[in-house]
Amino acid sequence: MSSVSSTVVTRFAPSPTGFLHIGGARTALFNWLYARKHGGKFYLRIEDTDRARSTDAAIDAIMDGMAWLGLDHDGEAISQFARADRHREVAEVLLAAGNAYHCYASSAELQVSRDAARIAGKSFKGDLWRDRDPGDAPDGVSPTVRIKMPRQGSTTIYDQVQGDVTVNNDTLDDMILLRSDGTPTYMLSVVVDDHDMGVTHIIRGDDHLNNAFRQNQIYQLMGWDAPAMAHIPLIHGPDGKKLSKRHGALGVEAYRDMGYLPDAMRNYLLRLGWSHGDDEIICTKQALEWFNLENIGRGPARFDFAKLDSINSHYMNEASADQLIHLILPQLEQLAGHKISANELEKLHASLPSLRERAKKLPELRDSAFIFCDVRPIEPTDKAANQLNGDIPSMLAKLAEGLALVKSWKGDDIKGVISAFCTEENLKMGKVMQPLRAALTGGRPSGDLMEIMEILGLDECLARVDDVTSIT
RNA sequence: GGUCCCUUCGUCUAGUGGUCUAGGACGCUGCCCUUUCACGGCGGAAACACGGGUUCGAGUCCCGUAGGGAUCACCA
């Protein structure tokens, strides 16, 4: 308990060059889950060593995204750039020990070497100055610092997801540790920060698997213990290709705007690449209990909106009416063009339980809730308009007369009036109910018509019927 | 091209050598319910990439082929 080494420490380390995309969100979720499950620490580290590409707006977007998903991190977000001195210090140690060296090669020379390696079918090693006499250094060129990779043997890393992965050391390149302006590169910074922060488990995208071997060398050279690794497969678009903006590589805030609930998002993301037998609906509390690294899948997963929708509808049914109303209220007011009154709010509350059953996403709920606001006249959909043709309006007008006389405005009594009317007019129930629904709801998905009428109230119902009967 | 990773229904996946004539979920679809739209209930179609091994026995282990992906920056 008290031993530092036994405490799990994970981190999410995005580069602030854009929003928090879906793959990053899942990586963050896994790290968060793993740390929280073990009562450990979960840190957020902003990898902003590339000053030109890092923006504060991106940092905000990432933090907002995580907050929305409910992934809280311990302590303040750490800026990698702020720790540059420390990174440089480690490079100096490596340099002093002869494990790193100055490289004076120009980018043109490097490019030639890279092309040559590719043509020869070999790996680029970037070691043009590895064995050259520093005395040959050209004047006026500030060198980069490169690590001296081993050329013999092989390195095997046990990855918690992929298993043992082995690479021949002679395919590793002498990567740059310090740029010619003296600033540290990501490859150096991650290792130093992960070590200094006491990170015990690195859970990150598959795209870093190759880097693990390069970074591993720094741990070796510095005599540090390397954290456990877990490289999770990337998320692909529905077409199996890399995610693009067209199909899912959106910021998490885009999902929020589309009307998905954070709980649903977490559940979906969790199941995308991780499983617990046949379980599909896994709340966060349960996930905290079950999550592990062993059950992370090894193949890339495709993003599927249909399934997300289905999970979202499940969580919409579990959310409280207050919560749901709170979420749709701003848009509802915008649609209605007025501030929602206490009276409308009451109707909204009354209708919500049945409305949310048929809504998969917030916008659908908002649209169906809309008819409970004071928004006469209701604009009918094309389909609904077709049900209000011919002599239908006069039929409805006649029905309205009967409704006005109902003894109490309760579902059963209303139904009684309607069925009596049907018998009297020798009409089938459906022939009356369908147009009535069209008149009252404009044809929007709603629910039990009697319930709707009861909630709407007699006056509103008559007014809406009047709206469609007086037009013709 | 080099290196590394991956490969079960359309999709997410269960499956850790025999109980797999392969299970669940989403989607699709048939029927039922029904006052529209939905919801719900009960069914259905639908997969072990291919080829060799190993084994009494392979979706499960090994090799190869094919396909997919990642990576090869003074980006992260």
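Naming: A, B, ... by sequence-line order, numbering from 1 per chain.
Side-chain contact of A:H201 with A:T10: a donor-acceptor pair under 3.5 Å is absent, judged by distance alone.
With both pairing distances under 3.5 Å, B:rG67 is matched to B:rC6 as a Watson-Crick or G-U wobble pair. Remark: B:rC31 base-pairs with B:rG41; criterion is Watson-Crick or G-U wobble with both hydrogen-bond distances under 3.5 Å. B:rA76 makes up no base pair with any nucleotide shown, lacking Watson-Crick or G-U wobble contacts both under 3.5 Å.
Within the 4.0 angstrom heavy-atom criterion, only backbone atoms of the sugar-phosphate kind lie near A:S123; the bases stay farther away. Counting any heavy atom pair closer than 4.0 Å across all strands shown, A:T144 reaches a base atom. Across all strands, A:H208 comes closer than 4.0 Å to base atoms (heavy-atom distances). At the heavy-atom level, A:R118 lies under 4.0 Å from base atoms of the strands shown. Contacts of A:T49 with the nucleic acid, taken as non-hydrogen atoms under 4.0 Å apart, involve only primed sugar atoms and P, OP1 or OP2. Heavy atoms of A:L449 sit under 4.0 angstrom from at least one base atom. Using a 4.0 Å heavy-atom distance criterion, A:M175 is classed as making no nucleic acid contact. Backbone-only contact: A:R146 has heavy atoms under 4.0 Å from sugar-phosphate atoms and none from a base. The residue A:L234 sits close only to the backbone: its heavy atoms come under 4.0 Å of sugar-phosphate atoms, none of a base. Across all strands, A:T166 comes closer than 4.0 Å only to sugar-phosphate atoms, never to a base (heavy-atom distances). Heavy atoms of A:R302 sit under 4.0 angstrom from primed sugar atoms or phosphate atoms, though from no base atom. Using a 4.0 Å heavy-atom cutoff across all strands shown, A:D181 reaches no nucleic acid atom at all.
Proximity of A:R179 to the phosphate of B:rA76: a side-chain N or O atom is located under 4.0 Å from OP1 or OP2. At B:rC74, none of the side-chain N or O atoms of A:S180 fall inside 4.0 Å of OP1 or OP2 (strictly under the cut-off).
Annotation: cation-pi geometry not satisfied between A:R118 and A:F124 (NZ/CZ under 6.0 angstrom from ring centroid, within 45° of ring axis).
For A:V167, the side-chain atoms get nearest to B:rU3 when compared with the rest of B:rC12, B:rC74, B:rU3. For A:Q434, counting side-chain heavy atoms from C-beta on, the closest listed nucleotide (B:rG23, B:rC6, B:rU35) is B:rU35.
Atom name C1', nucleotides B:rA14 and B:rA22: the rounded distance is 10 Å, in whole Å.
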